[in-house]
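Presented below is the structure to which this report refers.
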Amino acid sequence: MKSIHKCFSTTVNAIKRIQEIDRINPYPLQDLFGRNHTYLRLSLTEKCNLRCTYCMPEEGVDLSPSKNLLTTNEITKLAKLFVQQGIDKIRLTGGEPTIRKDFVDVVYELNKLKDIGLKSIGVTTNGIALKRKLPALKENGLNQINISLDTLDPFKFELMTRRKGHDVVLNSIKMAVDLNFDAVKLNVVVINKVNDQEVIDFVNLTKDLPIYVRFIEYMPFDGNRWNTEKFIPYAKMLESIQAVHPGIVKGVDDPNDTSKAYRVPGYAGKFGFITSMSDHFCGTCNRLRVLADGNMKVCLFGNTEVNLRDLIRNQVEDEELVNIISAAVKRKKKQHAGMIELSRMPNRPMILIGG
């Protein structure tokens with residue numbers, strides 16, 4: 001009887017504590033501009049099996065020692081904490097997340113969080129090591145897949161990624177479609193005079209495949225040699241598509257979408273543009289990022305980070321951890337700088353952020 005009373009008392013105290021936290025900080029993931037953050041991008045590794053020119057510097061990157069990276073338990077602990085504060089979508093990134101040995105196990109653990117409010121688990125991958133994992137990922141709760149593919153030309157693929165594997169990626173895309181994931185998206189970074197002439201070819205992929213091809217404006221990150229001559233704005237891409245498909249129609253975008261969706265009437269899929277440089281979407285940003293080393297970024301282009309790994313390892317209480325995360329969110333700026341200024345600002349290489 002005493003143990004029952006003790007258990008009840010502990011539960012009551014815990015409820016009171018949660019209520020007190022909510023009273024002090026009712027929206028811990030809301031910034032000062034009223035943006036509620038419901039989407040967490042979680043990097044699982046700094047390593048990658050490709051060397052894409054816009055993502056990884058030619059000389060490579062200095063990888064963090066293994067002991068400095070988040071463990072699986074730390075990943076799931078942080079994910080649970082974020083879901084408890086209102087995160088309902090988690091996307092796994094890298095590096096290349098599929099090369100992490102326990103990648104499927106991580107998805108399995110995150111899937112348990114759907115009982116407490118998580119709605120969707122996604123992954124952004126280059127597709128090289130994806131195909132054989134797809135059935136297990138589907139079975140363990142993965143909902144959405146974003147596959148990066150910047151060219152439909154196998155030779156150009158080797159030039160852009162410094163590796164082979166073009167056919168492997170195409171096979172991964174087809175299998176993902178066949179397995180009926182909630183969404184299969186293709187991410188295409190468009191670089192002027194490199195792959196911009198393939199935009200129409202990618203749009204034509206949507207004729208028979210129910211995929212969402214997203215053209216991404218080339219963005220500046222450390223070591224990717226970005227310059228204005230390589231940049232091509234989405235308006236110019238759209239104009240070239242309209243010249244071939246004059247009947248394209250604008251799709252309906254969700255409030256927090258990063259892309260502007262379009263469709264060719266009668267086609268199975270759709271296409272769109274991620275316009276971070278020429279027409280930013282900072283006003284509706286709902287994304288936070290936790291990197292493989294446990295640092296949190298509240299903005300992709302921000303160079304301020306908060307170390308969550310050490311707080312966990314120093315056994316900081318969840319309440320204090322939430323307060324630290326909340327304080328970082330409330331320091332988020334209204335919008336990022338312009339593209340010229342961004343190109344001069346220090347930031348991690350894309351490979352160490354995960355997009």
Side-chain angles (χ1 to χ4, degrees), residues 41 43-66 69 91-101 103 123-134 145-176 185-199 201-202 205 213-232 237 274 276-277 291-293 300 342-343 346-355:
R41 297 180 66 92
S43 175
L44 299 185
T45 179
E46 296 176 346
K47 297 178 180 178
C48 188
N49 46 7
L50 295 182
R51 296 291 183 271
C52 298
T53 55
Y54 58 81
C55 184
M56 183 180 287
E58 188 174 358
E59 66 276 11
V61 294
D62 293 328
L63 299 175
S64 302
S66 297
L69 301 179
R91 178 166 296 282
L92 302 174
T93 67
E96 173 50 43
T98 61
I99 66 174
R100 183 172 170 129
K101 292 180 180 179
F103 174 56
V123 63
T124 295
T125 169
N126 59 36
I128 294 291
L130 177 66
K131 184 180 176 182
R132 61 186 176 85
K133 295 182 175 70
L134 281 171
I145 299 179
N146 288 10
I147 299 177
S148 298
L149 180 65
D150 305 307
T151 177
L152 297 174
D153 180 335
F155 177 71
K156 193 181 293 182
F157 179 88
E158 289 187 36
L159 292 177
M160 296 185 73
T161 67
R162 305 185 183 109
R163 296 290 187 275
K164 296 181 183 293
H166 188 261
D167 288 344
V168 175
V169 180
L170 290 178
N171 288 334
S172 291
I173 294 167
K174 292 171 184 175
M175 186 171 183
K185 302 177 183 179
L186 258 61
N187 290 343
V188 185
V189 176
V190 182
I191 304 174
N192 193 35
K193 297 182 180 178
V194 175
N195 63 340
D196 57 304
Q197 296 301 316
E198 295 188 65
V199 166
D201 295 330
F202 274 104
L205 274 185
V213 175
R214 305 189 305 171
F215 300 109
I216 302 174
E217 291 181 338
Y218 188 30
M219 295 177 278
F221 290 94
D222 278 8
N224 74 350
R225 300 182 180 180
W226 183 94
N227 63 57
T228 54
E229 291 182 0
K230 295 180 180 178
F231 174 73
I232 178 168
M237 291 185 254
I274 297 180
S276 305
M277 297 293 95
L291 312 186
D293 61 5
L300 173 62
L342 283 174
S343 69
N347 196 0
R348 296 194 190 208
M350 176 63 84
I351 184 72
L352 298 182
I353 299 175

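Side-chain contact between Val189 and Met160 is absent, with no heavy atoms from C-beta onward closer than 4.5 Å. The side-chain heavy atoms of Met175 and Leu130, taken from C-beta on, include no pair separated by under 4.5 Å. Within the 4.5 Å cutoff, the side chain of Thr124 has heavy atoms near those of the Ser148 side chain.
Under a 3.5 Å cut-off, the side chain of Arg51 and the backbone N or O of Arg162 do not form any donor-acceptor pair. Panel note: side chain Asn171, backbone Val168; no donor-acceptor pair is recorded below 3.5 Å.
Smallest separation of non-hydrogen atoms from Arg214 and Asn146: NH2-ND2, 2.9 Å. In terms of heavy-atom proximity, Leu63 sits nearest to Lys47 at CD1-CG, 3.9 Å. Closest approach of Leu50 to Arg163, counting heavy atoms only: CD2-CB, 3.5 Å. When all heavy atoms of Ala129 and Ile99 are compared, the closest pair comes out as CB-CG2, 4.5 Å. The two residues Leu134 and Ser172 come nearest to each other via the heavy atoms CD1-O, 3.7 Å. The two atoms that bring Met237 and Phe215 nearest to each other are SD-CB, 3.9 Å, heavy atoms only.
Rounded to the nearest 0.5 angstrom, Leu159 CG and Asn195 CG are separated by 11.5 Å. The CZ atom of Phe202 sits 4.5 Å away from the CG atom of Leu149 when rounded to the nearest 0.5 Å. Taking CD1 from Ile191 and CZ from Phe231, the interatomic distance works out to 12.0 Å, rounded to the nearest 0.5 Å. Here CD1 of Ile128 is found 9.0 Å from OG1 of Thr98. Values are rounded to the nearest 0.5 Å. Taking CD1 of Ile147 as the start and CD1 of Ile173 as the end, the distance is 5.0 Å to the nearest 0.5 Å. Here the CG atom belonging to Asp150 is positioned 8.0 Å from the CD1 atom belonging to Ile216, to the nearest 0.5 angstrom.
For Thr151, the side-chain hydrogen bond (donor to acceptor under 3.5 Å, both in side chains) test picks out Glu198, with sequence neighbours left out. Every residue meeting the side-chain hydrogen bond (donor to acceptor under 3.5 Å, both in side chains) condition with Asn49, not counting sequence neighbours, appears here in chain and number order: Asn126. With sequence neighbours excluded, no residue satisfies side-chain hydrogen bond (donor to acceptor under 3.5 Å, both in side chains) with Thr161.
For the residue pair Thr125 and Glu96, a side-chain donor N or O sits within less than 3.5 Å of a side-chain acceptor on the partner.
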